[in-house]
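Everything below concerns the one structure shown next.
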Amino acid sequence: MKGLYLLLDGATILFPLLLSFDKKVAYVRQWKYIFMASLIVGIPFLVWDIVFTARGIWGFNPDYLVGVYFYNLPLEEVLFFLFVPFSCLFIYECTKAYIHQNYTKQLNKLIYSLLACYIVFIGVGSFFFPGDYSLAVILSSAFTLAVLIICRDRVRFLPLAFMISLLPFLLVNGVLTGGFTAEPIVWYNTGERLPFGIFTIPVEDVLYCFTLIGLNAAVYELLVYGTKPLEKELQE
């Protein structure tokens, strides 16, 4: 189906866009910061994407695209780095608005520990099945985890928001990787990743998602609040 990837992009942003005017979350007030963070974080991700596409580490099925390209990336892939952070940071802001911060401390330790174990798991796997995609997500996610732990008081709602965001992310990624279509919209070179996944989704994509969301949240917080303590923000 031509344009299926673009429809997925639209579906990803639809509900956060419609719910941006909720008075308690007031997400619409943060739009400019969201897109600034998406641009700052998106640039290195786009470079990563362009290089990996050129090297054949992954690619895109033209049967599901509208046919507009930026370098070697389809328009839909470029929009992915705007729409996914927009939707995930909406979830992040909702957790800040509706979840009491006292519930996050122990949960964050658990989630960060699980993520560290997942990075080690991918690392051990890549020792036996070396691939550039595996190596890239190990390095990028380890860097992201370190940044978030250092800034943990400022981004204390991020781990829970990430776990919630992971569910729709995996659903969309399942469609992209061929879980519901005759052929995948996005294909992966099996020699550059571990030879197993979550249904049709490479196991590395969980860390890719974590890196994308985590860095967007960290940059977003810096743009909006600077170094102001979180407690002051929550009291306002």
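Rounded to the nearest 0.5 Å, atoms CD1 (Ile122) and CG (Leu207) are 5.5 Å apart. The structure places CZ of Arg193 at 13.5 Å from OG of Ser126, a figure rounded to the nearest 0.5 Å. Atom CD1 of residue Ile119 and atom CG of residue Leu145 lie 5.0 Å apart, to the nearest 0.5 angstrom. To the nearest 0.5 Å, atoms OG1 (Thr95) and CD1 (Ile99) are separated by 7.0 Å. The line from SG of Cys209 to CG of Leu170 is 7.0 Å long, rounded to the nearest 0.5 Å. Once rounded to the nearest 0.5 Å, the distance linking OH of Tyr27 with CD1 of Ile91 reads 9.5 Å.
For the pair Ile57 and Thr53, the minimum side-chain heavy-atom distance is 4.5 Å or more. Looking only at side-chain heavy atoms (C-beta outward), Thr211 and Val137 stay at 4.5 Å or farther from each other. For the pair Phe60 and Ile185, the minimum side-chain heavy-atom distance is 4.5 Å or more. You'll find the side chain of Leu17 reaches within 4.5 Å of the side chain of Phe86, heavy atoms only. A heavy-atom distance below 4.5 Å is found between the side chains of Tyr220 and Gln30. Contact check for Asn189 versus Phe52: no side-chain heavy atoms found under the 4.5 Å cut-off.
Judged by distance alone, with hydrogens and angles left aside, the side-chain atoms of Lys24 form a donor-acceptor pair with the main-chain N or O of Ala97 at under 3.5 Å. At least one donor-acceptor pair closer than 3.5 Å links the side chain of Ser87 to the backbone N or O of Thr12. Panel note: side chain Arg29, backbone Ala26; no donor-acceptor pair is recorded below 3.5 Å.
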Stepwise side chain to side chain contact (heavy atoms under 4.5 Å, CB included) check, Asn108 with Arg152: CA-CA 9 Å; Asn108 288 356; Arg152 58 187 176 276; over 6 Å; no

Pair Tyr92-Glu221, side chain to side chain donor-acceptor pair (under 3.5 Å): steps then yes or no: CA-CA 11 Å; Tyr92 175 61; Glu221 287 285 348; 2.5 Å; yes

Phe128 and Leu194: CA distance, side-chain angles, deciding distance, side chain to side chain contact (heavy atoms under 4.5 Å, CB included) verdict: CA-CA 9 Å; Phe128 296 99; Leu194 299 187; over 6 Å; no

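Counting non-hydrogen atoms of other residues, nucleotides and ligands closer than 6.0 Å to OH of Tyr71 gives a total of 12 or fewer. Within a 6.0 Å sphere centred on OH of Tyr98, other residues, nucleotides and ligands contribute more than 12 heavy atoms. In the displayed structure, Phe196 atom CZ is contacted under 6.0 Å by more than 12 heavy atoms of other residues, nucleotides or ligands.
The aromatic rings of Phe81 and Tyr208 lie tilted to each other, with the angle between the two planes from 30° to 60°. Using bins of under 30°, 30° to 60° and over 60° for the plane-to-plane angle, the ring pair Trp58/Tyr188 lands in the perpendicular bin.
Identified under the salt bridge (charged side-chain N to carboxylate O under 4.0 Å, His left out) test for residues 67-83, with sequence neighbours left out: none. Sorted by first and then second residue, the salt bridge (charged side-chain N to carboxylate O under 4.0 Å, His left out) pairs with a member in residues 2-18 form an empty list; sequence neighbours excluded. Applying the side-chain hydrogen bond (donor to acceptor under 3.5 Å, both in side chains) rule to pairs touching residues 163-183 yields Asn61-Glu183, Asn173-Asp205, Thr177-Thr200, sequence neighbours excluded. The salt bridge (charged side-chain N to carboxylate O under 4.0 Å, His left out) contacts involving residues 46-56 comprise Arg55-Asp132, where partners must be two or more places apart or lie in separate chains.
Linking Ile, Leu, Val, Met, Phe, Trp and Tyr whenever their side-chain heavy atoms come within less than 4.5 Å leaves Leu73 and Trp187 in two separate clusters. Placement of Val186 and Tyr69 within a single hydrophobic cluster is found when ILVMFWY residues are connected by side-chain heavy-atom separations under 4.5 Å, directly or transitively. Taken together through direct or relayed side-chain contacts under 4.5 Å among Ile, Leu, Val, Met, Phe, Trp and Tyr, Trp31 and Phe15 form parts of separate hydrophobic clusters. Val155 and Leu107 fall within a single hydrophobic cluster, where Ile, Leu, Val, Met, Phe, Trp and Tyr are joined by side-chain heavy atoms under 4.5 Å apart, directly or via other members. Cluster annotation: Phe121 is connected to Phe162 through the hydrophobic network of ILVMFWY side chains, with a link wherever side-chain heavy atoms come within less than 4.5 Å.
A pairwise comparison of heavy atoms in Ala218 and Leu148 identifies CB-CD2, 4.3 Å as the closest pair. In plain terms, the two heavy atoms of Trp48 and Ala136 that are nearest each other are CZ2-CB, 3.6 Å. A pairwise comparison of heavy atoms in Val25 and Cys94 identifies CG2-SG, 3.9 Å as the closest pair. Minimum heavy-atom separation, Gly123 to Ile138: CA-CD1, 3.5 Å. Smallest separation of non-hydrogen atoms from Val203 and Gly197: CG1-CA, 3.5 Å.
With sequence neighbours left out, the ring-ring contact (aromatic ring centres under 6.0 Å, His included) criterion links Phe80 to no other residue.
A donor-acceptor pair shorter than 3.5 Å cannot be found between the side chains of Tyr118 and Glu204.
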Side-chain donor-acceptor distances from residues 32-43 under 3.5 Å, at least two apart:
from: Ser38; atom 1: OG; to: Ile34; atom 2: O; distance (Å): 2.9

